[in-house]
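Structure record follows, encoded as structure tokens.
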Amino acid sequence: MGLTARILIAMLAGIVVGVLFNFLNSSQLLGSGITGVINSYLTGGLFDVIGRIFIASLKLMVVPLVLVSLVCGACALSEGHRMGPLAGKTLLLYMLTTAVAITLALCMALIAQPGVGVDVAPPGGAFQPKESPPLSDVLVNIFPTNPVAAMAQGNMLQIIVFALLMGYAISRCGEPGQRVASFFNDLNEVILRMVGVLMVFAPYGVFALLAKTFAELGVEFIWELGKYFLVVLITLLLHAFGVYSLLLKCLSGLNPVQLFKKMRPAQVFAFSTASSAATIPVTLSTVEKRLGVDNKVAAFTVPLGATINMDGTAIMQGVATAFMAQMYGIEIGLAGYLTVILTATLASIGTAGVPGVGLVMLAMVLQQVGLPLEGIALVMGVDRLLDMVRTAVNITGDAVVSVIVAKSEGALSVETFNNRNYDSVANAATP
């Protein structure tokens, strides 16, 4: 059985087991003793431990993979003097997709009116967002003062800058640079093999993560804000399968169905982890090995996308803004919605390194249009599952942009992209 099929089976099994455990816990059908054992030794014990080990293993690979891959890519790009155009195309496409995402979200929310008639008090009182840093500090903090500290803290923007500078310097050092480049290329192969080893255990990690999540949440939490939940979910799916398909077909001429089929393992990883950064090893491996994007392009576009490409988050912000305006009966007008589009698009880059970036961005957007922040506490009730879906959308956007940019740079293997043996590379990568 292929890796994709095993991961999908594990995902479905995890959801079923989680919902079943949640039902047994709420109904006390088996008595408090057995239910307590399930909660203590399975949900909060075995599933929690396996899931946390799996996430830790993914995070273990992020910094070395991003650093080494990006050094190799920057070295190759610098030799051909293509780093500037590639970076420009990548940033432009990421900002374009984010602007389209939030525009689509606002349109869907204005049509569906999810906030009309909602009268639910936000739990826990007012939400207190973290203060967003000034733009000047954000720009200065992109450049590392200590690259080792940046790697220890997992500061992706600083790691990207350091790797780009190192790759550029290696390409300009003649014979010593060639020896260092050869070392990094060999190290990159070793790290990719480590990712392949990790993927062998992926189905077990995915099962444990989803079983624990649904055992704790169940499905009842969706009903209270069902209309809001559905509008966000439908918009996410429409953006993923509609906007991305149209963009890929128009700008590269490639078949979007091929991309979606080959991205399924990475999408499942993203769904189960709810973290674009933790999914970088799988996304990068999938984009290179399954979609045929050259490492010199993928090593730049994928880590950057995981940091600043927040289409899924932008969709949540658009729907949440309209939802709260409708719920509180506040008319923000056309100018207000245009402000939301502009603020969210720019904030996706400006708050890239901030913890809890989605809620920080939403607080910034609400403040810009004069909406009360208390509503954030309400939508947080259903945000966990939506966060899983929008992370899968985000990494799909990273892959689409990577393929488009690689095609325009002549760095895409069309033969690999069109290869219908989806699991051949993934299975070959495992020992």
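From a predicted model like this one, the values you see are computed outputs, not experimental measurements.
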Checklist entry - Is the backbone N or O of Lys249 less than 3.5 Å from a side-chain atom of Ser252, with the two atoms forming a donor-acceptor pair by type? => result no
Next on the checklist: Can a donor-acceptor pair be found, under 3.5 Å and without considering hydrogens, that links the side chain of Asp294 to the backbone of Ala411?
Outcome noted: no
Checklist entry - So Asn295 and Ser69, side chain to side chain contact (heavy atoms under 4.5 Å, CB included) or not? Walk me through it. => result CA-CA 7 Å; Asn295 174 264; Ser69 294; 3.9 Å; yes
Next on the checklist: Check whether Asn418 reaches the backbone of Val414 with its side chain - one donor and one acceptor, N or O, closer than 3.5 Å.
Outcome noted: yes
Next on the checklist: Can you confirm whether Gln113 sits close enough to Phe323 that some side-chain heavy atom of one is under 4.5 Å from a side-chain heavy atom of the other?
Outcome noted: no
Next on the checklist: For Val17 and Phe207: C-alpha separation, side-chain torsions, deciding distance, then whether side chain to side chain contact (heavy atoms under 4.5 Å, CB included) applies.
Outcome noted: CA-CA 9 Å; Val17 170; Phe207 170 83; 3.9 Å; yes
Item to check | Beyond-backbone contact of Leu233 with Val389, side-chain heavy atoms, under 4.5 angstrom | outcome: yes
Next on the checklist: Show the nearest heavy-atom pair for residues Cys72 and Asn188, with the distance to one decimal.
Outcome noted: SG-CB, 4.2 Å
Item to check | For Leu284, the option from Ile191, Val293, Val302 that meets side chain to side chain contact (heavy atoms under 4.5 Å, CB included) | outcome: Val302
Checklist entry - Taking side chain as C-beta onward, heavy atoms only, is Phe417 less than 4.5 Å from Leu259? => result yes
Checklist entry - Are the side chains of Leu104 and Val243 in touch, meaning some heavy atoms are under 4.5 Å apart? => result yes
Checklist entry - About how many Å separate CG of Leu366 and CD1 of Ile332, when rounded to the nearest 0.5 Å? => result 9.0 Å
Checklist outcome for this item: When Thr391, Leu210, Leu209 are each screened for side chain to side chain contact (heavy atoms under 4.5 Å, CB included) with Phe271, the one that passes is Leu210
Checklist entry - Please walk me through it: do Thr90 and Phe300 pass side chain to side chain contact (heavy atoms under 4.5 Å, CB included)? => result CA-CA 9 Å; Thr90 304; Phe300 177 78; 3.9 Å; yes
Checklist entry - Nearest 0.5 Å, what's the CD1-CG distance between Ile102 and Leu342? => result 10.0 Å
Next on the checklist: Can you give me the closest heavy-atom contact between Pro303 and Ala298, atom names plus distance?
Outcome noted: CD-O, 3.5 Å
Checklist entry - CG/Asn146 to CD/Gln153 distance, rounded to the nearest 0.5 angstrom? => result 8.5 Å
Checklist entry - Can you check whether Ile395 reaches Phe269 side chain to side chain, under 4.5 Å on heavy atoms? => result no
Next on the checklist: Exactly one of Leu412, Val287, Thr283 should register a side chain to side chain contact (heavy atoms under 4.5 Å, CB included) with Ser402. Which one does?
Outcome noted: Val287
Item to check | Backbone N/O of Asp311 and side chain of Asn394: donor-acceptor pair under 3.5 Å | outcome: yes
Checklist outcome for this item: Heavy atoms of Gly336 and Val369 approach each other most closely as O-CG1, 3.3 Å
Checklist entry - Can you tell me how far the CG atom of Leu96 sits from the CG atom of Leu91, to the nearest 0.5 Å? => result 12.5 Å
Item to check | Distance-minimising heavy-atom pair for Val161 and Pro144 | outcome: CG1-CD, 4.1 Å
Checklist entry - Taking all atoms of both residues into account, what is the closest heavy-atom pair of Ser413 and Thr416, and its distance? => result OG-OG1, 2.9 Å
Next on the checklist: Can a donor-acceptor pair be found, under 3.5 Å and without considering hydrogens, that links the side chain of Tyr94 to the backbone of Thr301?
Outcome noted: yes
Checklist outcome for this item: Value for CZ (Arg390) from OG1 (Thr396), rounded to nearest 0.5 Å, stands at 14.5 Å
Next on the checklist: Between Asn309 and Val401, does the side chain to side chain contact (heavy atoms under 4.5 Å, CB included) criterion hold? Intermediate values first, please.
Outcome noted: CA-CA 10 Å; Asn309 179 38; Val401 170; 5.8 Å; no
Checklist entry - Taking the six-membered ring for Trp, are Phe214 and Phe47 ring centroids under 6.0 Å apart? => result no
Checklist entry - Between Phe241 and Phe260, what is the ring plane arrangement, given parallel below 30°, perpendicular above 60°, and tilted in between? => result tilted
Checklist entry - Should Pro203 and Ile9 count as side-chain neighbours, where that means a heavy-atom distance under 4.5 Å? => result no
Checklist entry - Does any N or O in the side chain of Gln326 come within less than 3.5 Å of the main-chain N or O of Ala109, such that one atom is a donor and the other an acceptor? => result yes
Next on the checklist: Strictly distance-based, threshold 3.5 Å: is any side-chain N or O of Thr279 a donor or acceptor partner for the main-chain N or O of Val282?
Outcome noted: no
Checklist entry - Hey, are Glu409 and Lys89 close enough for a salt bridge, meaning a charged N less than 4.0 Å from a carboxylate O? => result yes
Next on the checklist: If you compare all heavy atoms of Gly51 against all heavy atoms of Ala208, which two are closest, and at what distance to 0.1 Å?
Outcome noted: N-CB, 3.9 Å
Checklist entry - Taking atom CE of Met194 as the centre, does the number of heavy atoms from other residues, nucleotides or ligands within less than 6.0 Å exceed 12? => result no
Checklist entry - Hey, what do you get for NE2 (His239) to OG1 (Thr103), rounding to the nearest 0.5 Å? => result 10.0 Å
Checklist entry - Would you say Leu42 and Phe21 make side-chain contact, with heavy atoms under 4.5 Å? => result yes
Item to check | Donor-acceptor pair, side chain of Ser285 and main chain of Pro281, under 3.5 angstrom | outcome: no
Checklist entry - Do Leu93 and Val405 come within less than 4.5 Å of each other through their side chains, counting heavy atoms only? => result yes
Checklist entry - Any sub-3.5 Å donor-acceptor pair from Arg290's side-chain atoms to Lys262's backbone N or O? => result yes
Item to check | Donor-acceptor contact present, side-chain Arg264 to main-chain Lys261, <3.5 Å | outcome: yes
